[in-house]
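Take a look at the structure below.
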Amino acid sequence: MACPQDLYILAAAFVGAVFFLWYSGRRRSASSRFPPGPPGLPIIGNLFAMEHFTHRGLAKLAKLHGGFFHLRIGFANIFVVSSPETVREILHQQDSRFSHRPVTAAMEYASYDLADMAFAHYGPFWRQMRKLCVMKLFSRGRDLSWRTVRTEVDDLIKSLALKKGTVANVGELIFKLATNMTLRAAFGSRSQDDETEFVAIIRELSGIFLAFNVADFVPFVGWLDINGVNKRMKKARRALDVFIDRIIDEHIARWRNGDVLAADMVDDMIAYLADTPGRDTREDGVELKDLRLTRDNIKGLIMDIMFGGTETAASTLEWAMLELLRSPGELKQAQDELAGVVGLHRKVDERDLEQLLYLRCVCKEVLRLHPPLPLLLREPLQDCTVSGHVVPRKSRVWINVWAMGRDEKHWPDAEAFRPSRFAGESADVDFRGGDFRYLPFGSGRRSCPGMQLGMYALELGLANLLHCFDWSLPDGMKPSELDTDDVFGLTAPKAVRLTAVPWPRLSCPLF
């Protein structure tokens, strides 16, 4: 006669087998309505292939399975899109249905439980937060941000001038430019210690967002912290809290003392903090009367600005310099245009940018090959049908912008750096999201609210780097030997910082 313990084991095995058969059958039934994709294992799906699911790996899979395919990673359904026609259907025809942004545990934690704008779920609160970003924080009428870009570009040129004839770590200097630009535009004048702390937080957050976390795909094992991500998240959030709380307290003290003359971004946010003195007497013409921010909202927005304003700006400008150094003919053409429009007697200023048509083509081509965010992330609010296939609510949609920009079907000689492709009849292809082959800043409701400021920083920074200096490669290196590897994450920066030798080019002093 079997003992009770054996009966319990048999019963548990029977229930487990029934659940497995039911779950597998349900999965097979659902999968028949999904677009094709690589086969997966029972229960875990494609989990063991996660290391291949970068923008580059997903582009290779698209060549096998098409521009709209399905992955199952643990309990998560992933739909990968690199077909402009399918992207148009999602971001144009059904944009309101795909207006959530899927978030990982790290993103949710770092955004103070979705209290920010970048990761907050679509709805009335998110619309008000985006309106604040577009009309106040990144507005063209907010001259402090634009002046900050000009100041930091001047400082970058000075730093490179002091390195004349020697090897300069161009990538690191560009990252410093983006860091200081973000610090001063967002927080006002900061110290060297603040800069060091800021950089450490940004780099740790980047690493955490990049880290694979099993709990994002198999939620019930989250408490085990298999990858150690939870521990890193808590430590990074503590550092973020200390840094941001200090900044907010300083700004609130200034508000109470009436000392808000040249308001930075944090001042703009604090004006909508529920308990800020004088918040109902605003005279800036921006109608946000219903917006009440909590401290966590402000901290979440600051996190968005810290990460988005630093990583994306630095990465794009560094890629621009790399591509031009790899293409001496394109570099010469850009410098010849600068010499003709600006002359060699002064540096580039904002008024020159509209006349630098080839430089604008260079910037567009860089954004095609190296979009600031290689993958755009969306999540449907309800069950949807896309291109005849079911996309269930709460599944994840990854739009591979990087792959779309390198698709030979839409871009002849797609891997080549050829800025002239954006001249002539193609000059009207812009970065605002109207052409679904080319979405460097996204499209629709979740497009980047800071795209104008980002483009201004890219154009002004690149124009001055090319105009103020001639460039050579260190140690007799050939252009074809430059490293082009990237690191996959929310952004895709160069894996190895760019180094080059600057030689002053102008007849005027550079500083």
Side-chain angles (χ1 to χ4, degrees), residues 27-28 30-91 98 101-104 209-214 216-218 368-380 384-392 394-415 436-440 442-443 484-493 495:
R27 280 289 186 184
R28 282 194 296 272
S31 297
S32 66
R33 299 174 293 161
F34 296 159
L41 297 171
I43 306 296
I44 64 171
N46 307 109
L47 184 64
F48 287 158
M50 271 297 296
E51 69 272 14
H52 301 298
F53 298 155
T54 66
H55 52 287
R56 293 178 182 273
L58 294 170
K60 291 179 182 177
L61 285 175
K63 292 180 179 179
L64 297 174
H65 303 287
F68 182 37
F69 64 91
H70 171 254
L71 299 168
R72 184 168 58 80
I73 307 175
F75 292 90
N77 285 306
I78 313 291
F79 296 86
V80 184
V81 186
S82 57
S83 158
E85 295 76 22
T86 307
V87 172
R88 179 188 295 275
E89 185 176 348
I90 291 171
L91 297 186
F98 286 87
R101 180 170 284 166
V103 294
T104 64
F209 288 158
L210 171 63
F212 169 62
N213 188 359
V214 174
D216 290 327
F217 305 97
V218 187
R368 178 184 72 86
L369 290 169
H370 307 284
L373 302 179
L375 301 178
L376 302 180
L377 310 179
R378 292 294 186 100
E379 177 185 311
C384 301
T385 301
V386 175
S387 299
H389 297 285
V390 172
V391 178
K394 290 191 175 182
S395 54
R396 307 178 192 193
V397 177
W398 295 350
I399 299 172
N400 195 342
V401 179
W402 184 90
M404 289 164 57
R406 294 168 182 256
D407 190 335
E408 292 283 352
K409 291 184 292 186
H410 303 288
W411 305 98
D413 200 13
E415 292 291 335
F436 291 91
R437 302 170 303 159
Y438 182 74
L439 301 173
S443 181
T484 60
D485 289 342
D486 57 23
V487 178
F488 175 67
L490 284 181
T491 62

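Here the OG-NE2 distance, from Ser82 to His410, works out to 8.5 Å after rounding to the nearest 0.5 Å. To the nearest 0.5 Å, atom NZ of residue Lys409 and atom CE of residue Met404 are 11.0 Å apart. Rounding to the nearest 0.5 Å gives a distance of 9.5 Å between CG of Leu58 and CD1 of Ile78. Taken to the nearest 0.5 Å, the CH2 atom of Trp402 stands 11.5 Å off from the CZ atom of Phe488. For the atom pair CG of Asp407 and CG of Asn400, the computed distance is 10.0 Å after rounding to the nearest 0.5 Å.
Under the 4.5 Å side-chain criterion, counting only non-hydrogen atoms from C-beta, Ile90 is in contact with Val386. Here the side chains of Phe69 and Pro38 are in contact, with some heavy-atom distance below 4.5 Å. Contact annotation: the side chain of Leu375 never approaches that of Ile399 to less than 4.5 Å [non-hydrogen atoms, C-beta and beyond]. Side chains of Leu377 and Val397 form no contact here, defined as non-hydrogen atoms less than 4.5 Å apart. Under the 4.5 Å side-chain criterion, counting only non-hydrogen atoms from C-beta, Thr104 is not in contact with Asn213. Between Glu89 and Ser387 there is a side-chain heavy-atom pair separated by less than 4.5 Å. The side-chain heavy atoms of Val80 and Leu61, taken from C-beta on, include no pair separated by under 4.5 Å.
Every residue two or more places apart in sequence or in another chain was checked for a salt bridge (Lys or Arg N to Asp or Glu O under 4.0 Å) with Arg396, and none qualifies. Here Ser395 pairs with Asn77, Phe79, Pro380, Val391, Pro392 under the side chain to side chain contact (heavy atoms under 4.5 Å, CB included) rule; sequence neighbours left out.
In terms of modelled atom types and a separation under 3.5 Å, the side chain of Arg368 and the main chain of Ala414 share a donor-acceptor contact.
Cation-pi check for Arg437 over Trp411 is met; the charged atom lies under 6.0 angstrom from the ring centroid and within 45 degrees of its normal.
The salt bridge (charged side-chain N to carboxylate O under 4.0 Å, His left out) contacts involving residues 35-48 comprise nothing, where partners must be two or more places apart or lie in separate chains. Within the structure, no pair that satisfies the salt bridge (charged side-chain N to carboxylate O under 4.0 Å, His left out) test touches residues 34-45, not counting sequence neighbours. Legend: side chain to side chain donor-acceptor pair (under 3.5 Å) pairs involving residues 43-62, not counting sequence neighbours, sorted by first then second residue: His55-Asp486, Arg56-Asp486. For residues 370-379, every residue pair satisfying the side chain to side chain donor-acceptor pair (under 3.5 Å) rule, not counting sequence neighbours, is listed here: Asp95-Arg378, Glu323-His370.
Annotation for Val390 and Phe34: closest pair O-CD2, 3.3 Å, computed over non-hydrogen atoms. Contact between Ala59 and Ala403 at its shortest, heavy atoms only, is CB-CB, 3.7 Å. Between Met50 and Ile73 the shortest heavy-atom distance is SD-CD1, 3.2 Å.
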Next item on the list: Under the side chain to side chain contact (heavy atoms under 4.5 Å, CB included) rule, what do Leu91 and Phe98 come out as? Steps first, then yes or no, please.
Entry: CA-CA 7 Å; Leu91 297 186; Phe98 286 87; 5.6 Å; no
Next item on the list: Evaluate the side chain to side chain contact (heavy atoms under 4.5 Å, CB included) criterion for residues Leu369 and Arg406: first the C-alpha distance (whole Å), next the side-chain angles of each, then the deciding distance (0.1 Å), finally the verdict.
Entry: CA-CA 7 Å; Leu369 290 169; Arg406 294 168 182 256; 3.7 Å; yes
